[in-house]
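Each remark here refers to the structure printed beneath this line.
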Amino acid sequence: MSEPGDLRAAEYVLGTLPLSERIEFQALIPTHVAIREAVLEWETRLSPLAGAVKPVEPPPHVWDNILAALPPDAAERPQLYAIDGDQTNREKTALVKSRSAWRVATLAASAVAGLAIAACVALLIVGPQLISQQNASQGSFVAAVNQGGDKPALIVRVDMASGKVYVRPVSVEAPPGRDLELWFVNYGKAPQTMGVLGKEPETKKIPPGATMEKASLAVSVEPKGGSSTGQPTGPVVYSGDLVRD
Amino acid sequence: MDKTESAELKNLIQATAKGDRVAFKQLYERAGPKLFAVSLRIIRDKALAEDILQDVFLRIWQSAGSFSSEAGPPMAWLNSIARNRTIDVLRQKIHVRINQESDEPDWYERIMDPYDQEANLMDAGALRHCLGTIEEPARSCVLLAYYEGFSREELAARYDKPVNTIKTWLHRSLTALKICLKDQP
């Protein structure tokens with residue numbers, strides 16, 4: 001790290017960089033290893049100073065707010081089941097166990113205060129090989145996410161072989177006067193819309209140019225008819241990474 | 001921060017990364033009051049400091065997985081999240097720092113005789129020694145920036161010097177600190 005660069009890191013950590021320089025510098029940290037290391041070194045150098053600050057007990061509501069903003073607890077976290085395509089024989093089996101080639105992405109409901117939408121999204125990536133196996137053997141499989149014994153809200157299956165995304169709303173509900181919009185998020189790029197979620201099952205296409213590496217899907221709350229800007233404007237209520245074997 | 005305490009914090013952060021809420025709560029109980037105090041001292045607004053603390057712990061929850069104990073002590077990591085967030089908020093708000101010298105502790109004195117002396121003995125000695133080699137008022141500039149969130153402009157006003165002089169003082173002090181710390185055991 002050059003000397004001016006190191007001093008910028010030092011002043012960033014100290015907090016004396018003017019706002020514009022601070023913002024500019026901050027933007028470099030995630031992608032520049034040398035800068036990140038210099039910042040870490042300065043943080044380590046200066047942090048013993050904090051020992052001289054007498055702790056102050058924060059009021060109890062701060063912890064309550066933190067707790068309320070966390071994603072659902074593991075105990076309340078949706079149970080994942082594979083439901084056989086034959087709807088008459090709904091024997092629940094743990095998805096991960098029974099269909100090890102399938103991967104279910106972890107879901108994180110973002111901390112959106114005041115938005116209580118009882119919706120879950122199950123995201124499945126089915127590899128091309130598996131598709132053919134499936135086609136050869138038996139009907140389709142769906143995965144459902146149940147939350148606390150309720151019906152699943154939304155089922156999303158991504159078929160990478162055909163580039164199709166099957167979306168089946170079950171009990172998904174948008175807030176009054178709003179729509180839910182599904183987004184495909186390529187890592188490091190702006191989200192691409194996959195359209196507003198309706199009440200009926202539908203097949204959507206993976207947006208052109210989409211790559212699966214580090215991609216994710218997200219659902220945002222939008223005005224009726226969907227975002228008019230081409231980008232999510234409302235809070236993202238659900239998102240899940242796409243994971244492949 | 002002694003080694004045991006440091007190891008405990010490290011364990012709590014690593015458990016938090018796995019979604020362990022009990023560990024997260026313990027982490028909050030252990031580090032929350034310190035981080036709240038650090039933030040409050042800089043931002044000087046209790047409600048704002050509470051919001052910042054809340055935000056800081058949500059960031060800790062989200063990024064606990066990125067904590068690497070090789071990269072530095074856990075308290076340095078936690079403290080940086082809190083200080084960075086506080087300074088971000090401070091710099092973005094229109095901030096008028098009224099004369100507050102009366103309730104400003106002598107930070108250098110306090111470092112020499114820190115609040116949590118036991119915990120602090122382990123790793124603050126070298127820093128204290130090196131700060132002692134920096135002449136006043138440059139040393140106070142560093143300390144006021146660290147503890148009270150003073151900007152270059154505010155320091156310039158405090159010491160009635162051009163901003164560039166302050167910048168030079170800060171750079172000289174920080175460079176001297178770095179060199180001095182390198183020579184410490």
Side-chain angles (χ1 to χ4, degrees), chain A residues 1 3-4 6-23 26 29-30 36-75 77 106 108 110-111 113, chain B residues 1 19 21 24-25 28 32-34 36-38 40-42 49-50 53-54 57-58 61 71-73 75-77 79-80 83-84 87-88 90-92 105 107 110-111 114-116 119-120 123-124 127-128 142-143 145-147 149-153 155 166-167 170-171 174-175 177-178 181:
Chain A
M1 174 112 283
E3 199 190 320
D6 191 56
L7 282 171
R8 279 220 296 168
E11 272 210 89
Y12 167 74
V13 172
L14 192 60
T16 49
L17 277 189
L19 182 60
S20 58
E21 278 184 59
R22 183 174 174 82
I23 292 169
Q26 225 157 16
I29 297 175
R36 197 161 57 237
E37 280 172 0
V39 166
L40 252 172
E41 281 170 18
W42 276 107
E43 283 170 348
T44 305
R45 264 179 214 125
L46 296 180
S47 76
L49 289 176
V53 180
K54 185 179 175 182
V56 178
E57 204 60 47
H61 67 84
V62 177
W63 173 251
D64 296 341
N65 291 345
I66 292 169
L67 207 56
L70 291 184
D73 195 352
R77 215 169 271 166
T106 21
S110 58
Chain B
M1 178 85 24
R21 280 156 198 253
F24 184 51
K25 177 141 203 245
Y28 178 81
K34 172 67 90 181
F36 185 55
V38 164
L40 189 59
R41 188 77 223 170
I42 294 173
E50 289 170 13
L53 187 66
Q54 186 183 326
F57 269 87
L58 289 174
W61 171 263
M75 200 58 213
W77 184 75
N79 190 41
S80 305
R83 275 195 82 254
N84 276 333
I87 287 169
D88 284 343
L90 178 74
R91 293 282 173 264
Q92 302 212 22
W107 286 111
R110 181 112 30 125
I111 301 163
Y115 169 76
D116 39 2
N120 205 27
D123 53 7
L127 187 59
R128 284 201 290 267
V142 173
L143 296 177
Y146 189 86
Y147 289 110
F150 270 62
S151 66
R152 287 181 194 158
E153 286 74 16
L155 290 168
I166 298 295
K167 188 176 162 184
L170 288 173
H171 285 190
L174 290 163
T175 306
L177 260 189
K178 186 179 171 180
L181 283 169

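Here is the naming used below: chain letters follow the sequence lines, and residue numbers restart at 1 for every chain. Keep in mind it's a predicted model, so treat the numbers as computed, not measured.
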Nearest-0.5 Å distance that lies between atom [atom1] in [X] and atom [atom2] in [Y]:
X      : Y      : atom1 : atom2 : value
B/R41  : A/K54  : CZ    : NZ    : 12.0 Å
B/K178 : A/L46  : NZ    : CG    : 12.0 Å
A/E41  : B/L181 : CD    : CG    : 11.5 Å
B/W61  : A/I66  : CH2   : CD1   : 11.5 Å
B/L170 : A/E11  : CG    : CD    : 5.0 Å

Just by distance, do the side chain of [X] and the backbone of [Y] share a donor-acceptor pair under 3.5 Å?
X      : Y     : result
B/R83  : A/L14 : yes
B/R21  : A/L67 : no
B/Y147 : A/V53 : no

Legend entry - Exercise: do A/Q26 and B/D88 side chains pair donor with acceptor under 3.5 Å: yes
Inset, instruction - Measure the shortest side-chain to side-chain distance between B/S80 and A/V13 over non-hydrogen atoms and say whether it is less than 4.5 angstrom. - result: no
Legend entry - Residue pair B/M75 / A/S47, side-chain heavy-atom distance below 4.5 Å: no
Inset, instruction - Evaluate the criterion side chain to side chain contact (heavy atoms under 4.5 Å, CB included) for residue pair B/F36 and A/V62; output intermediate values, then yes/no. - result: CA-CA 10 Å; B/F36 185 55; A/V62 177; 5.6 Å; no
Inset, instruction - Please report the C-alpha distance between A/W63 and B/L53 in whole Å, then the side-chain angles of each, then the deciding distance to 0.1 Å, and finally whether the side chain to side chain contact (heavy atoms under 4.5 Å, CB included) criterion is met. - result: CA-CA 9 Å; A/W63 173 251; B/L53 187 66; over 6 Å; no
Nearest heavy-atom pair of [X] and [Y]: which atoms, and what distance?
X     : Y      : answer
A/T16 : B/A145 : CG2-CB, 3.4 Å
B/P33 : A/P58  : CA-CD, 3.9 Å
B/R91 : A/G15  : NH2-O, 2.7 Å
B/A37 : A/P55  : CB-CA, 3.8 Å

Legend entry - Interface moiety of B/K25 toward chain A, non-hydrogen atoms closer than 4.5 Å: both
Inset, instruction - Answer with side chain, backbone, both or neither: which region of B/Y28 has an atom nearer than 4.5 Å to a non-hydrogen atom of chain A? - result: side chain
Legend entry - Worked check of side chain to side chain contact (heavy atoms under 4.5 Å, CB included) between A/R22 and B/N84: CA-CA 10 Å; A/R22 183 174 174 82; B/N84 276 333; 3.4 Å; yes
Inset, instruction - Assess whether side chain to side chain contact (heavy atoms under 4.5 Å, CB included) is satisfied between B/L143 and A/L49, documenting all intermediate values. - result: CA-CA 9 Å; B/L143 296 177; A/L49 289 176; 4.1 Å; yes
